[in-house]
Amino acid sequence: MITSKLPDVGTTIFTIMSKMALDHNAVNLSQGYPDFQPPGPLLEFFRERLLNGHNQYPPMHGIAPLREQIAKKAARHYDALIDEDKEITITSGATEAIFVAVQATVHAGDEVIVFDPAFDCYAPAVALAGGITRHIPLAAPDFKIDFQRLADTITPRTRLIIVNSPHNPCGSVLSLEEVVQFEQLVEKHDVLILSDEVYEHMVFDGSRHHSFLASETLRRRTFVVSSFGKTYHATGWKVGYCIAPPLLTSEFRKVHQFVTFTTNTPTQWAIADFMEAHPEHETSLSNFYQEKRDRFNLLMTGHGFEMTPSAGTYFQLADYSALANIPDTVFAEQLTVDYGVAVIPISVFSHLPEENQRIIRFCFAKEDPTLALAADRLAAVRTGSAPRRR
Ligand code: GLN
């Protein structure tokens, strides 16, 4: 009756774990979203725009004031001169932008390189375009890119390389030296890049996010994708954007107009208003999340999880090999059902997961009491005391 176009794909791990959290009344540190509200003034702007007539279709590529704010932000943070009319498109979340960029560039039989663990929407977008995903593993504990292996994986069919920094789920951040290696690579090979930078404003311990927008060489062949959901604690608004050179943007918009046509109007106005009034919000975010990371890691001390502090994103990996010798999918289920804390197993982001890898991901974008309650419950894993009954 129907032949699946995605035979190997089930429901996303985020939907599965969030449902399991709900079903078992677990503290949800699985799917990445804050358990606190967006900034008050942003909500006020939204209310004003909603009540004052901004409720019909916006322009297909997004309202001009928001695109202007994005261009200003790119200049402020990355010294990049972006033409908001020809190079910026507002999308319904970064996920839409990623899907559209892939559909716009990948032809049947083309190859796309991703680094595993890779965020789960990359490979299905490639499959739907008729492309072939080539997976390059990032090895624990530092999850660095093997550039020799990357060069060896590129073939004349390679159309796109998908890069993600700060990295979900690993929490690693590309260094300037690594960005330079990408520059050298694109000078040698005729490939495009999709740079997923949705956690661009969450980089810790004094280091910086090196956007592909900051490099003239890379910018010429890159779709840079970001999201307002992460930056403004509003993941449910589903507003993101793509910055790419005019030729790439023109192809991007051809697809975008038939996927969602456009993105909801009042949130675009509210975000533009807020960005104009509070440009300091972006710069405060790294400290805000670094404090949460440190608080959570401190609370988790002595519980048997090995945690190397995350360098960016609002995720923290934990090696649980001292606690259990079972696959991460099984351990994640146990934590949720028996101990009341939902987490994400990271093997699901890898094409060929390492058999003996024992790593899970926590989301620490949570209020302090939420983090404290989770850590308290997780203490019981080691002592084996009072696990909840199934
Ligand atoms: N980006 C979020 C995460 O990594 C979830 C996104 C989603 O649910 N699709 O947890």
Side-chain angles (χ1 to χ4, degrees), residues 6 9-22 26-36 38 91-102 114-128 138 143 162-173 194-203 225-242 259-260 263 285 289 292-293 296 310-318 328-329 332-333 335-336 341-350 359-366 370-371 374:
L6 296 172
V9 169
T11 305
T12 83
I13 190 68
F14 308 110
T15 303
I16 291 174
M17 294 313 300
S18 277
K19 179 172 186 312
M20 203 187 287
L22 207 63
V27 181
N28 192 356
L29 303 192
S30 63
Q31 193 176 24
Y33 63 87
D35 69 346
F36 40 87
T91 58
S92 298
T95 301
E96 194 228 334
I98 290 163
F99 186 78
V100 168
V102 170
V114 305
F115 301 98
D116 283 3
F119 191 62
D120 68 344
C121 73
Y122 302 160
V126 174
L128 289 173
L138 301 170
F143 301 100
I162 305 185
V163 184
N164 174 213
S165 176
H167 189 275
N168 179 14
C170 298
S172 52
V173 173
L194 171 50
S195 182
D196 173 355
E197 304 185 7
V198 301
Y199 298 98
E200 62 182 318
H201 299 299
M202 302 169 200
V203 175
V225 167
S226 193
S227 152
F228 296 111
K230 314 330 186 205
T231 303
Y232 299 113
H233 316 315
T235 59
W237 285 17
K238 296 299 296 176
V239 190
Y241 59 90
C242 175
V259 175
T260 56
T263 295
L285 214 56
Y289 275 119
K292 289 206 177 291
R293 177 201 69 176
F296 182 56
S310 151
T313 74
Y314 47 45
F315 302 116
Q316 173 66 56
L317 293 186
D328 60 354
T329 44
E333 186 178 338
L335 288 190
T336 311
V341 181
V343 301
I344 295 287
I346 72 158
S347 63
V348 299
F349 301 117
S350 292
I359 299 176
I360 50 164
R361 188 196 81 176
F362 294 109
C363 171
F364 55 78
K366 307 291 168 186
T370 314
L371 296 175

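Each ligand, and each atom within it, is numbered from 1 in the order the structure gives.
To the nearest 0.5 Å, atom CZ of residue Phe362 and atom CD of residue Gln316 are 8.5 Å apart. Note: Thr11 OG1 to Lys19 NZ = 10.5 Å, rounded to the nearest 0.5 Å.
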* To do: Using the side-chain hydrogen bond (donor to acceptor under 3.5 Å, both in side chains) rule, take Asn168 and Thr313 through it: C-alpha gap first, then chi angles, then the decisive distance, then the call.
  => CA-CA 7 Å; Asn168 179 14; Thr313 74; over 6 Å; no
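Under the side chain to side chain contact (heavy atoms under 4.5 Å, CB included) rule, Val348 has a single partner from Ile13, Asp328, Thr12, which is Ile13.
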I'd like a table of the close N/O pairs between ligand 1 and the protein (anything under 3.5 Å), one pair per line with both atom names and the distance.
| residue | atom | partner | partner atom | Å |
| --- | --- | --- | --- | --- |
| ligand 1 | 4 (O) | Asn168 | ND2 | 2.7 |
| ligand 1 | 4 (O) | Arg361 | NH1 | 2.9 |
| ligand 1 | 8 (O) | Gln31 | NE2 | 2.7 |
| ligand 1 | 10 (O) | Gly32 | N | 2.6 |
| ligand 1 | 10 (O) | Arg361 | NH2 | 2.7 |

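Judged by distance alone, with hydrogens and angles left aside, the side-chain atoms of Lys366 form no donor-acceptor pair with the main-chain N or O of Phe36 at under 3.5 Å.
Note on ring orientation: taking the six-membered ring where Trp is involved, the planes of Phe119 and Phe349 are parallel (angle under 30°, cut-offs 30° and 60°).
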